[in-house]
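Below: one structure, written as structure tokens.
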Amino acid sequence: MPRCRVCRRQAWIKIPWGNTWFCKEHFIEYFERKVLRTYEKYVRGAHKRVLFAVSGGKDSIAMLYSLAPKLLEKNCEVSVMFIDLGIRGYSEYALKIVENAVNELRIEFKIYDLREETGYTIDDLAETVRSNIFRKSICSLCGTIKRYVYNYVATKYDYDLVLTGHNLDDIYGFIMSNLATGNINDLIKLKPYIPGSKYFVAKAKPLFFNYEYENKLYVTVKELGIVIQKCPHAPIKEESLVMSFKKELYELEKKHPGIGLMFVKNFVKNIQPYITRKEPVEKIVKCNMCGLYSSTNPCSFCRIKLKLEKIFKKS
Ligand code: SF4
Ligand code: ZN
Ligand code: ZN
């Protein structure tokens, strides 16, 4: 009978990458310590107002429950932001999940309602993508919107750090696909922590070194509510390059447990400093429409908004 590494009682789960068994209690302890360690190791500067971007999925819920209480103990002001993307049959459910979490943890809650703020929803945008009006996929446009909103909400309410719940599998897939396509510029910003500037709020990914399965186990053992529905706009047929590499990683891990973690750690330690030295000086301009900073004027968010306004006016 396998035994917990810490207390020697009957184990509940094996963590393959460390070839370690834990009981439920000590798995929770291990997980929370790991997330806090990533945060403390990489997040620089005394951030006192921290905004958790929470979608209701397993990763962001795991990030919230494991880290928010620890930051509150450190006297940080902590809030949760939820973006209501207006996806029918999905966003309402996700909002309820996040609301329950926020009530349970007694944390301040900010909701950004895309329809109220801009007049359109992701459902509207998906409709135009289907008619080939945008050259990008709906998920890529949705990603642009989310990144903009994180910075917008944080700037508006004076937060100095935004946390997002990307997991190690996502990071691995992103690194591999960008290496494959030679898109090195996108890898320059792929760090567990990006300091703030006078233009942008600091951002961190405390689950950078957490396998997706670890986050799943954490929400399972803590019996936390998470969104289980799939977004109706998630690609069904065609598989993205990131997804293909993530699947490759699952196969690799069966033969070489921990290979993904080793890869991502080495990327941060050995490759990231090298490509950062080659970082091109990015042009930053003020967007005439929203007043925030971006590499283009209007910014990508306002360009999407402009395009949609034109389309809806015509129809
Ligand atoms: Fe947005 Fe795509 Fe995620 Fe749906 S699946 S929430 S459209 S990024
Ligand atoms: Zn134990
Ligand atoms: Zn703008």
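For T118 (side chain) and R115 (main-chain N/O), no donor-acceptor pair under 3.5 Å exists by modelled atom type.
Remark: aromatic rings of Y42 and F209 are close, center separation under 6.0 Å.
Taking 4.0 Å as the cut-off between side-chain N and carboxylate O, K96 and E99 do not count as a salt-bridged pair. Looking at K70 and E40, no side-chain N of the basic residue comes within less than 4.0 Å of a carboxylate O on the acidic one, giving no salt bridge.
For the pair K307 and F134, the cation-pi criterion (under 6.0 Å, within 45° of the ring axis) is fulfilled. Cation-pi geometry between K203 and Y150 is not satisfied (NZ or CZ under 6.0 Å from the ring centre, within 45° of the ring normal).
In the hydrophobic clustering (ILVMFWY side chains linked at under 4.5 Å, chained through shared members), I284 is joined by Y199, F200, Y293.
To the nearest 0.5 Å, atoms OG (S55) and OH (Y90) are separated by 6.0 Å.
Applying the side-chain contact (heavy atoms from CB on, under 4.5 Å) criterion to P2, with sequence neighbours excluded, gives A11, W21.
For the residue pair E32/Y218, the side-chain donor-acceptor check at 3.5 Å is satisfied.
For residues 3-16, the pairs satisfying salt bridge (Lys or Arg N to Asp or Glu O under 4.0 Å) are R9-E25, with sequence neighbours left out.
Paired with S300 under the rule side-chain contact (heavy atoms from CB on, under 4.5 Å), one option of I145, L141, T144 passes, and it is T144.
More than 12 heavy atoms of other residues, nucleotides or ligands lie within 6.0 Å of OH in Y93, so this atom counts as buried by the packing criterion.
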